[in-house]
Q: 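First, the structure itself, so that you have it in front of you.
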2 protein chains.
Amino acid sequence: MRVTIKDVAKKCGFSITSVSLVLNNKENKIPESSRQIILDTAEEMGYRPNRLAVGLLKKKTKLLGLVIPDNSNMFFSELSKSVEVAARKRGYSLIYGNTSDVYSRDYEYLKLFVDHQVDGIVITKSSHLPEKDDIRNMEFLEKSGVPFVVVDRQPKGFKSNMVTVNNVTGGYLATRYLIEQGHSRIGCFTGPLGLTTSQQRLEGYKNALAESNIDFDESLVVEGNFSSGFESKAMTRFIDEKVTAIFCQNDIMAFGIYREANKFGIKIPADLSVVGYDNINLCDIVYPGLTTIHQPIDQIGEESVRILTNLIDTSEEVPVEVKELEPKLVVRSSVLINRGGK
Amino acid sequence: MRVTIKDVAKKCGFSITSVSLVLNNKENKIPESSRQIILDTAEEMGYRPNRLAVGLLKKKTKLLGLVIPDNSNMFFSELSKSVEVAARKRGYSLIYGNTSDVYSRDYEYLKLFVDHQVDGIVITKSSHLPEKDDIRNMEFLEKSGVPFVVVDRQPKGFKSNMVTVNNVTGGYLATRYLIEQGHSRIGCFTGPLGLTTSQQRLEGYKNALAESNIDFDESLVVEGNFSSGFESKAMTRFIDEKVTAIFCQNDIMAFGIYREANKFGIKIPADLSVVGYDNINLCDIVYPGLTTIHQPIDQIGEESVRILTNLIDTSEEVPVEVKELEPKLVVRSSVLINRGGK
DNA sequence: ATTTGTTAAGAAAACGCTTACAAATATCAT
DNA sequence: ATGATATTTGTAAGCGTTTTCTTAACAAAT
């Protein structure tokens with residue numbers, strides 16, 4: 001049986017009240033002598049407060065819930081780490097739900113978190129969440145009254161607190177850089193086109209092309225899944241289409257392209273230039289270093305938690321906040337510089 | 001204000017008891033007519049049970065705590081995913097603490113989890129946890145009475161429920177394979193030597209050498225950190241020592257070696273053979289595919305949770321269980337086959 | 001001796017829920 | 001009608017805390 005405050009009180013002969021007061025450092029003039037006795041017995045008995053009881057009473061758990069689609073995807077594992085760091089800084093702990101991109105679990109975790117009385121929720125939805133479910137989830141959260149922040153992937157047709165990185169800019173930056181280096185036949189290896197994330201990056205790609213008067217060619221776009229499995233198919237297409245550069249919508253897919261290129265004896269960057277997206281740790285470790293679009297992951301975590309705790313701490317209505325962070329290009333060695341000379 | 005069972009009861013005119021009974025599907029012959037009314041009002045009001053209250057009363061939270069050192073290390077992010085999957089299968093959710101390898105946080109999270117009344121704890125300790133703290137943590141857990149399982153990294157001088165993969169075997173398999181392919185000057189790029197994990201893999205390396213009558217050479221061993229940062233230093237040494245193959249004690253460090261090799265124009269596997277450890281997803285994506293030691297991550301998660309839930313469910317004393325899983329060699333393309341001919 | 005003030009410590013309610021038990025009502029045989 | 005039994009619903013205790021409100025004790029002031 002776990003030792004309770006009652007046990008401590010009994011053992012040292014003080015009342016529950018006094019023990020509680022002392023243990024919580026309330027300035028309720030318990031004389032130092034009594035204080036010490038209480039502190040010592042609690043320590044000696046290995047007393048630990050029951051957070052369920054406290055939470056029940058105070059209606060605060062200091063717990064945040066995090067829903068992410070796939071923790072074995074480095075972008076998300078780094079993201080969850082950054083949320084965790086930001087949360088701990090403010091005295092919150094994380095309950096964490098990995099949906100493995102099975103979208104029905106988004107809802108399950110949301111319910112679980114609400115049931116556990118978390119003080120706030122950070123959610124990045126699953127890749128293939130149908131719009132209907134997306135809205136259902138958002139409405140559930142709204143109705144539950146638990147503050148929440150949507151991260152990275154925005155829900156369609158629903159306005160809520162949100163932290164994103166400007167994906168249009170990201171796609172644009174990547175593509176423009178390739179164009180600047182002399183490329184004009186540029187493949188685009190996208191994420192699931194059901195995600196606004198992918199669509200926006202594609203939009204940025206188109207914008208950059210348009211700006212340089214390069215016609216958009218549908219057949220240079222290949223849809224992937226933000227993971228591995230489609231690189232082979234993609235590479236075949238890109239070879240057929242004689243692209244000289246590929247904009248991959250995430251780093252993992254870029255690494256897949258690396259492998260395929262190697263298989264075909266295609267040299268990066270000499271024969272083929274590649275730009276990734278995310279700037280995960282591995283970009284530096286791989287050879288040649290992957291030029292990519294950096295997402296400020298730490299900032300995403302920090303901002304999400306900031307908005308969330310702000311929501312939690314202020315009783316008045318807070319206006320919906322949408323924080324859009326800016327991506328930036330990180331140049332390494334996977335793009336052939338100044339192709340064809342200036 | 002959140003809607004409680006009381007609110008539901010009031011709204012539909014039944015007692016709290018009846019509502020509770022129906023909502024929990026107890027077979028307490030509430031007539032179907034009443035049942036439906038209750039179910040409908042609860043649904044309509046968006047009632048969600050307060051798990052704090054339930055936990056307080058039942059002394060079960062269906063929550064498991066997980067402490068891991070670094071979620072941005074793929075081995076651990078995959079591990080945490082596997083624990084999560086195994087937990088969910090049995091109706092448990094995960095609270096999750098990432099220590100970022102700051103070892104004082106191991107203890108903090110342990111306390112937090114106990115305070116939150118988790119039903120069980122899975123812990124992989126931080127890389128540089130001093131023995132003193134290690135034992136303190138273990139004793140704390142023991143005293144708390146919360147069932148726990150130690151994963152992967154074993155505490156020194158403490159016997160507890162544990163799931164590991166046989167690291168000696170792993171080191172042996174990697175090294176023997178290199179020897180079989182004709183290598184005899186084999187570098188060993190280790191993890192932090194303060195971890196038994198690293199020491200055991202090194203031991204396996206030595207065993208394989210001894211078996212083939214190759215003298216162990218201290219200068220072929222370079223200590224790393226299971227992450228990146230030491231590859232450059234390591235590579236310099238390995239080149240000086242004219243090794244033809246390197247056994248890296250994890251995959252991330254192997255990728256670092258890939259990069260360094262490329263910098264020096266050294267071809268893998270033609271000029272240098274590399275074996276990794278962990279078999280993270282990336283091994284397949286990288287080129288050349290990394291030959292490595294597979295750790296059965298899914299099994300680790302499954303076994304940990306199995307042992308844990310077994311501990312939770314059985315009231316009698318359960319004998320300490322140490323589950324040692326077997327690693328296996330996964331051959332890809334980073335080792336030159338049959339060097340020097342047969 | 002009574003009042004007032006000060007200090008120390010305890011009693012009790014409440015948080016939302018489950019569940020053992022009690023009560024009320026309906027059903028039926030006598 | 002009487003009691004017995006089955007069916008349905010309600011009462012209340014208790015889980016471990018925090019916190020408001022009392023009480024108790026005693027010294028100082030009138």
Side-chain angles (χ1 to χ4, degrees), chain A residues 1-39 41-42 45-63 114-119 144-146, chain B residues 1-39 41-42 45-63 111-112 114-119 144-146:
Chain A
M1 203 75 266
R2 233 110 133 187
V3 25
T4 72
I5 199 169
K6 208 167 155 185
D7 301 326
V8 176
K10 187 177 292 171
K11 175 117 175 202
C12 64
F14 287 93
S15 75
I16 295 183
T17 311
S18 306
V19 177
S20 171
L21 255 23
V22 168
L23 258 27
N24 290 301
N25 275 316
K26 299 281 177 190
E27 282 313 327
N28 267 47
K29 32 197 125 182
I30 305 281
E32 187 56 29
S33 52
S34 316
R35 230 182 87 79
Q36 266 316 320
I37 298 175
I38 291 174
L39 248 25
T41 10
M45 299 179 77
Y47 169 75
R48 298 259 85 219
N50 184 329
R51 292 265 220 150
L52 300 184
V54 177
L56 187 56
L57 193 58
K58 296 226 220 162
K59 295 171 172 309
K60 287 278 171 243
T61 53
K62 288 285 171 183
L63 232 41
V114 170
D115 294 357
H116 275 291
Q117 313 297 113
V118 297
D119 293 340
S144 80
V146 179
Chain B
M1 200 78 265
R2 234 110 130 186
V3 24
T4 73
I5 199 170
K6 208 166 155 186
D7 300 326
V8 177
K10 187 176 291 170
K11 175 119 177 200
C12 63
F14 287 93
S15 76
I16 295 184
T17 312
S18 306
V19 177
S20 171
L21 255 23
V22 168
L23 258 26
N24 291 301
N25 274 314
K26 299 282 178 191
E27 282 314 326
N28 267 47
K29 29 198 128 181
I30 304 280
E32 188 55 30
S33 51
S34 316
R35 230 181 88 79
Q36 268 314 322
I37 297 175
I38 292 174
L39 248 25
T41 5
M45 299 179 76
Y47 169 75
R48 297 261 84 217
N50 183 328
R51 293 264 221 152
L52 300 185
V54 176
L56 188 57
L57 192 59
K58 296 228 218 159
K59 295 170 173 308
K60 287 280 171 244
T61 52
K62 288 287 172 181
L63 233 40
K111 285 190 291 190
L112 185 80
V114 170
D115 294 357
H116 276 291
Q117 313 298 112
V118 297
D119 294 340
S144 80
V146 179

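Just so you know, these numbers use all the heavy atoms, side chains as well, and skip hydrogens, waters and symmetry mates. Being a predicted model, the structure only gives us computed values, none of them experimental.
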Q: What are the two closest non-hydrogen atoms of B:Y47 and B:T4, and how far apart are they?
A: CE1-C, 3.5 Å
Q: NZ of B:K58 versus P of D:dA13: gap in Å, rounded?
A: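 Rounded to whole Å, this separation is 21 Å.
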Q: Separation of B:K59 atom NZ from C:dG16 atom P, in whole Å?
A: 20 Å
Q: Could you give the CG-to-C1' distance, from B:D115 to D:dG16, as a whole number of Å?
A: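 In whole Å, D:dG16 C1' lies 13 Å from B:D115 CG.
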Q: Specify the separation, in whole Å, of atom NZ of A:K60 and atom P of D:dG16.
A: 24 Å
Q: What pair of heavy atoms forms the shortest contact from B:V118 to B:T61, and how long is it?
A: CA-OG1, 3.6 Å
Q: With respect to the phosphate group of D:dT19, does any side-chain polar atom (N or O) of A:K26 fall under 4.0 Å of OP1 or OP2?
A: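 The answer is yes; a side-chain N or O of A:K26 sits under 4.0 Å from OP1 or OP2.
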Q: Could you go step by step and tell me if B:R51 and A:L52 meet the side-chain contact (heavy atoms from CB on, under 4.5 Å) rule?
A: CA-CA 9 Å; B:R51 293 264 221 152; A:L52 300 184; over 6 Å; no
Q: For a quick check of understanding: with a heavy-atom distance under 4.0 Å over all strands, which category does B:S18 fall into, base, sugar-phosphate or nothing?
A: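 Counting heavy atoms under 4.0 Å across all strands, the contact made by B:S18 is with sugar-phosphate only.
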Q: Would you please confirm or rule out a distance under 4.0 Å between OP1 or OP2 of D:dT9 and any side-chain N or O of B:S15?
A: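 The answer is no; no side-chain N or O of B:S15 sits under 4.0 Å from OP1 or OP2.
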Q: A:T4 near the nucleic acid: base, sugar-phosphate alone, or nothing, with a heavy-atom cut-off under 4.0 Å?
A: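 Sugar-phosphate, no base atom in range.
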Q: Which whole-number value in Å describes the distance from A:R48 CZ to D:dG16 P?
A: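 One finds 16 Å between P of D:dG16 and CZ of A:R48, rounded.
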Q: It should be established whether B:K6 places a side-chain nitrogen or oxygen under 4.0 Å from OP1 or OP2 of nucleotide C:dC15.
A: no
Q: Base of C:dA8, side chain of A:S34 - is there a donor-acceptor contact under 3.5 Å?
A: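 Counting by modelled atom types and ignoring angles, no donor-acceptor contact under 3.5 Å is found here.
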Q: Quick one: on DNA chain D, does A:S20 or B:T17 contact a more 5' nucleotide (nearest heavy atom)?
A: B:T17
Q: Of the listed nucleotides (D:dT18, D:dG16, C:dC17), which one gets closest to any side-chain atom of A:A53?
A: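 Selected nucleotide (nearest to the side chain): D:dG16.
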Q: What contact category does A:I16 fall into here, base, sugar-phosphate, or nothing, at under 4.0 angstrom with non-hydrogen atoms?
A: base
Q: Measure the OG-CD distance between B:S144 and B:Q117 for me, rounded to the nearest 0.5 Å.
A: 10.0 Å
Q: Under 4.0 Å between a side-chain N/O of B:N50 and OP1 or OP2 of C:dC15, yes or no?
A: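 False: B:N50 side-chain N/O out of range (4.0 Å or more) of C:dC15 OP1/OP2.
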Q: Send over the distance from A:L56 CG to C:dC17 P, rounded to a whole Å.
A: 9 Å
Q: Looking only at atom types and distance, does a side-chain atom of B:R2 sit under 3.5 Å from a main-chain N or O of B:R48, one as donor and one as acceptor?
A: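 No.
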Q: So A:L57, base contact, sugar-phosphate only, or nothing? Heavy-atom distance under 4.0 Å.
A: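 Touches a base.
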Q: Write down the distance between CD1 (B:I37) and P (D:dT8), rounded to a whole number of angstrom.
A: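 For the pair B:I37 CD1 and D:dT8 P, the rounded distance is 13 Å.
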Q: Quickly work out the A:L21 CG to C:dA11 P distance and round it to whole Å.
A: 15 Å
